[in-house]
Engineer: 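I'd like to ask some things about the structure below.
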Amino acid sequence: MRKRLKPGPYTHKLNLLVPGCAVCKGIALLALAAAGCAALGWDRLAAILGYLLAAVLVLFFILLCVEQHQDRVHCERALAEDAARERQKKKY
């Protein structure tokens, strides 16, 4: 019977590949809209769009950091399980 390590702290994995592409497109559209508004002289709207753009960028970077941390933890757990499996093979 295989001995399993205790479950990790994450039951759901954050995956930003597809949503991240959509967010990048949204960021580009917000940047273009802000630049367009600034070019047309609509400074207040350009500032609002710029602040919204900054908020979306900060949120996106935070989510990327969370995903990177989860990937690191999953990788470390997989390496530990592999090492435990190899030690068990050597015993028998």
Side-chain angles (χ1 to χ4, degrees):
M1 185 170 163
R2 273 183 24 193
K3 182 180 176 185
R4 298 202 33 101
L5 296 176
K6 66 179 183 174
Y10 304 113
T11 55
H12 299 288
K13 170 76 174 73
L14 182 63
N15 186 3
L16 285 179
L17 185 61
V18 174
C21 291
V23 170
C24 286
K25 290 177 186 176
I27 288 170
L29 286 175
L30 277 173
L32 287 174
C37 289
L40 291 173
W42 300 337
D43 295 333
R44 183 169 289 172
L45 184 58
I48 291 171
L49 290 174
Y51 290 132
L52 182 61
L53 173 64
V56 170
L57 275 171
V58 167
L59 179 65
F60 186 59
F61 286 137
I62 289 171
L63 289 174
L64 285 175
C65 289
V66 168
E67 183 182 16
Q68 181 183 16
H69 173 72
Q70 285 182 339
D71 287 344
R72 186 179 308 116
V73 169
H74 281 259
C75 184
E76 288 171 357
R77 285 191 66 233
L79 289 173
E81 285 179 3
D82 286 346
R85 203 170 292 129
E86 286 298 321
R87 281 193 304 271
Q88 240 179 8
K89 281 183 184 178
K90 287 181 181 179
K91 279 185 180 179
Y92 299 109

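Only a predicted model underlies this, so the values are computations on that prediction, with no experimental measurement involved.
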Engineer: Measure the spacing between CH2 of W42 and CD1 of I48 and express it to the nearest 0.5 Å.
Structural biologist: 13.0 Å

Engineer: Rounded to the nearest 0.5 Å, what's the gap from CD on E81 to CD on E86? Could you check?
Structural biologist: 13.0 Å

Engineer: To the nearest 0.5 Å, tell me how far H69 NE2 sits from L64 CG.
Structural biologist: 14.5 Å

Engineer: Could you state whether L79 and V73 fall into the same hydrophobic cluster, counting links through intermediate Ile, Leu, Val, Met, Phe, Trp or Tyr residues with side-chain heavy atoms under 4.5 angstrom apart?
Structural biologist: no

Engineer: To the nearest 0.5 Å, how far apart are NE2 in H74 and CZ in R77?
Structural biologist: 7.0 Å

Engineer: How long is the gap from CG on L57 to SG on C24, to the nearest 0.5 Å?
Structural biologist: 8.5 Å

Engineer: Is it the case that one hydrophobic cluster holds both L29 and F60, taking links as side-chain heavy atoms less than 4.5 Å apart, direct or via other members?
Structural biologist: no

Engineer: If you group Ile, Leu, Val, Met, Phe, Trp and Tyr by side-chain heavy-atom gaps below 4.5 Å, do Y51 and V58 land in one group?
Structural biologist: no

Engineer: Show the nearest heavy-atom pair for residues A46 and A38, with the distance to one decimal.
Structural biologist: CB-N, 3.7 Å

Engineer: Is it possible for you to say whether V18 and L59 belong to one hydrophobic cluster, with membership spreading through side-chain heavy-atom contacts below 4.5 Å?
Structural biologist: no

Engineer: Quick one: CG on L32 to CD1 on I27, what's the gap to the nearest 0.5 Å?
Structural biologist: 12.0 Å

Engineer: Can you tell if the side chain of D71 reaches within under 4.5 Å of the side chain of C75, non-hydrogen atoms only?
Structural biologist: no

Engineer: If I compare all heavy atoms of C37 with all of L49, which pair ends up nearest, and what's the gap?
Structural biologist: SG-CD1, 3.9 Å

